[in-house]
Amino acid sequence: MPTINIDMRDLKRLIGLNLEKDAICETLSALKCEPEQIVGDKITLEVTSDRPDFFSSEGIARGVRLYHGGSGLRIKYYQGARPVSIRVDPSTAEVRPYIVSAVVRDVSLDEEALIQMMQLQEKLHSTYCSNRRKGSIGIYDMDKISPPLNYAAVPPDDIRFIPLGFNEVMSGSEILKRTPKGSEYAWILEGKKKYPLLRDSKGRVLSMPPIINSEDTKVTEDTKNLIIDVTGTEERTINLCLNILVTSLMERGGTVQQVE
């Protein structure tokens, strides 16, 4: 069963009810989220694998709130802007054919929110996404991107961008050899003559799924507007992941915008 880490102060804030720590811990057990270790405000939980919405504090907070008679998530839709669009090139069909996406605006992020977002992303990758084979998630700063976006398959030596966490431009082939994520997930692209690539209208790279995002579009505590994509080989899986990510971010005040 997956193990996750949450912060009690962050969880209380997300729950929004006047509950003491002991009452919250009792509720966690009732929800099949068994506390394994509690050190100060840091809690390690073993969560049930059939509740992927419990892979981060946002979904757990919603579960606790509903258990105590509180309200569920009120879906808020962004008004006043045309939908963002992604053009899916036919070249992706033989490599990684499916992509789904959403924009979440006006999100309130801090250090713990970023930790939870990354934890949720990686737990979904390692479970439902079969180590990124069935699906892989990219989350980017929307304000660093110029829509519309383009999702295409590109020869690896024609791909050039700065991978997340690095400070130099690499080709697709170099990324697989020189970055930890490239080495870990290169097997997914083994034997492919072209690699998936997501770019904006100015040619700025967002990511090379399912391997790594671009440093140019990374999310920080200053980010307010996010765009999420999930690419993969199984439509049901990538839609599940997108729904969980969007609803989790909406627990932090976000409003959702459609992507075509």
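Not measured: the values here are computed from a predicted model. Hydrogens, waters and symmetry mates play no part in the numbers below; they use all other heavy atoms, side chains included.
- Remark: side-chain polar atoms of Arg62 are paired, donor with acceptor, to backbone N or O of Thr247 under 3.5 angstrom.
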Quiz item: Given Asp41 and Lys12, is the salt bridge (Lys or Arg N to Asp or Glu O under 4.0 Å) satisfied, shown in steps?
Solution: CA-CA 11 Å; Asp41 286 313; Lys12 283 184 174 181; over 6 Å; no

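- The local environment of OH in Tyr67 is sparse, with at most 12 non-hydrogen atoms from other residues, nucleotides or ligands closer than 6.0 Å.
- In this structure, the separation between CG on Asp7 and CD1 on Ile43 is 8.0 Å, given to the nearest 0.5 Å.
- By the 4.5 Å heavy-atom criterion applied to side chains, Ile99 and Pro209 are not counted as neighbours.
- Contact of the Leu120 side chain with the Ser248 side chain is registered, since non-hydrogen atoms from C-beta on lie closer than 4.5 Å.
- The distance from atom OG of Ser57 to atom CG of Leu11, rounded to the nearest 0.5 Å, is 6.5 Å.
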Would you mind writing out the side-chain donor-acceptor pairs for residues 148-161 within the sub-3.5 Å range, not counting sequence neighbours?
{"unit_1": "Tyr151", "atom_1": "OH", "unit_2": "Arg96", "atom_2": "O", "d": "2.7"}
{"unit_1": "Asp157", "atom_1": "OD1", "unit_2": "Ser173", "atom_2": "OG", "d": "3.2"}

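- Pairing each heavy atom of Ala61 with each of Leu14, the nearest pair is CB-CB, 3.5 Å.
- With a 6.0 Å radius and a threshold of 12 heavy atoms from other residues, nucleotides or ligands, Glu36 has its CD atom above the threshold.
- Between Ala23 and His68 the shortest heavy-atom distance is O-NE2, 4.4 Å.
- Looking at heavy atoms from C-beta onward, Glu168 lies in side-chain contact with Arg178 at the 4.5 angstrom threshold.
- Sparse packing is recorded around NZ of Lys177, with 12 or fewer heavy atoms of other residues, nucleotides or ligands lying under 6.0 Å away.
- The pair Glu112-Arg13 fails the salt-bridge criterion, with no side-chain N (NZ, NE, NH1 or NH2) lying under 4.0 Å from an Asp/Glu carboxylate O.
- In this structure, CD1 in Ile15 is found 8.0 Å from CZ in Arg65, a value given to the nearest 0.5 Å.
- In summary, the side chains of Asp229 and Tyr140 do present a donor paired with an acceptor at a separation below 3.5 Å, with no hydrogens or angles considered.
- A distance of 12.5 Å separates CD1 in Ile6 from CD1 in Ile115, rounded to the nearest 0.5 Å.
- One hydrophobic cluster, built from ILVMFWY side chains closer than 4.5 Å, cannot hold both Ile228 and Leu198; they sit in different ones.
- For Arg132 (side chain) and Ile211 (main-chain N/O), a donor-acceptor pair under 3.5 Å exists by modelled atom type.
- Side chains of Met142 and Pro147 form a contact here, defined as non-hydrogen atoms less than 4.5 Å apart.
- Put simply, the side chain of Val47 does not reach to within 4.5 Å of the side chain of Lys123, judged on heavy atoms.
- What you find for Tyr77 and Thr255 is that their closest heavy atoms are C-CB, 4.4 Å.
- In this structure, Asp53 and Arg51 have side chains that are in contact, with non-hydrogen atoms separated by less than 4.5 Å.
- Without hydrogens or angle criteria, Arg204 side chain to Lys144 main chain gives a donor-acceptor distance under 3.5 Å.
- Among all heavy-atom pairs drawn from Pro97 and Ala93, the shortest one is CB-O, 3.8 Å.
- In the displayed structure, Asn167 atom CG is contacted under 6.0 Å by at most 12 heavy atoms of other residues, nucleotides or ligands.
- The existence of a salt bridge linking Lys202 and Asp200 is excluded, since no basic side-chain nitrogen approaches an acidic carboxylate oxygen closer than 4.0 Å.
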Practice problem: List the steps, then state whether side-chain contact (heavy atoms from CB on, under 4.5 Å) holds for Phe55 with Thr127. | Solution: CA-CA 10 Å; Phe55 289 177; Thr127 55; 3.5 Å; yes

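- Thr44 and Asn5 form a side-chain donor-acceptor contact under 3.5 Å, judged by distance and modelled atom types alone.
- In terms of heavy atoms, Asp89 sits closest to Arg87 at OD2-NH1, 3.1 Å.
- Within 6.0 Å of the CD atom in Glu260, the count of heavy atoms belonging to other residues, nucleotides or ligands exceeds 12.
- For the pair Val259/Val103, a side-chain contact is recorded, criterion being any heavy-atom separation below 4.5 Å from C-beta on.
- If you chain together hydrophobic residues whose side chains sit under 4.5 Å apart, Val205 and Ile86 never meet in one group.
- Ile188 and Leu164 fall within the same hydrophobic cluster, where Ile, Leu, Val, Met, Phe, Trp and Tyr residues are linked whenever their side-chain heavy atoms come under 4.5 Å apart, directly or through other members.
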Exercise. Show your working on side-chain contact (heavy atoms from CB on, under 4.5 Å) between Asp141 and Ile145 and close with a plain yes or no.
Key: CA-CA 7 Å; Asp141 189 326; Ile145 294 163; over 6 Å; no

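- Looking only at side-chain heavy atoms (C-beta outward), Met117 and Leu114 come within less than 4.5 Å of each other.
- The structure places NZ of Lys218 at 10.0 Å from OG1 of Thr223, a figure rounded to the nearest 0.5 Å.
- Counting non-hydrogen atoms of neighbouring residues, nucleotides and ligands closer than 6.0 angstrom, the NZ atom of Lys224 exceeds 12 such neighbours.
- For the residue pair Phe54 and Gly59, the shortest heavy atom distance occurs at CE2-O, 3.4 Å.
- If you chain together hydrophobic residues whose side chains sit under 4.5 Å apart, Ile24 and Leu17 fall into the same group.
- A distance of 8.5 Å separates NZ in Lys42 from CG in Asp10, rounded to the nearest 0.5 Å.
- Distance alone, capped at 3.5 Å, places no donor-acceptor pair between the Lys194 side chain and the Thr92 backbone.
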Practice problem: Determine, step by step, whether Tyr195 and Leu197 satisfy the side-chain contact (heavy atoms from CB on, under 4.5 Å) criterion, reporting the C-alpha distance in whole Å, the side-chain angles of both residues, the deciding distance to 0.1 Å, and the verdict. | Solution: CA-CA 6 Å; Tyr195 297 168; Leu197 197 68; over 6 Å; no

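- Using modelled atom types, no side-chain atom of Ser130 and backbone atom of Ser126 make a donor-acceptor pair closer than 3.5 Å.
- Residue Leu226 is tested with Val107, Leu245, Asp143, Val246 for a side chain to side chain contact (heavy atoms under 4.5 Å, CB included); the sole match is Val107.
- For the pair Asn225 (side chain) and Asp106 (backbone), a donor-acceptor distance under 3.5 Å is present.
- Just one of Ile238, Thr231, Leu124 meets the side chain to side chain contact (heavy atoms under 4.5 Å, CB included) condition when paired with Ser136; it is Thr231.
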Quiz item: Can Met1 and Lys32 be said to form a side-chain contact (heavy atoms from CB on, under 4.5 Å), step by step?
Solution: CA-CA 11 Å; Met1 292 172 64; Lys32 300 181 182 178; 5.8 Å; no

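- Paired with Met170 under the rule side chain to side chain contact (heavy atoms under 4.5 Å, CB included), one option of Ile162, Ile212, Ile175, Leu176 passes, and it is Ile175.
- Annotation for Asn18: atom CG does not count as buried by contact number, only 12 or fewer foreign heavy atoms lying within 6.0 Å.
- Residues Val84 and Met250 are members of separate hydrophobic clusters, defined by side-chain heavy-atom contacts under 4.5 angstrom among Ile, Leu, Val, Met, Phe, Trp and Tyr.
- For Glu94, the CD atom sits in a loose shell: 12 or fewer heavy atoms of surrounding residues, nucleotides or ligands are nearer than 6.0 Å.
- A donor-acceptor pair is defined here as one N or O able to donate and one able to accept, closer than 3.5 Å; such a pair exists between the side chain of Gln121 and the backbone of Ile137.
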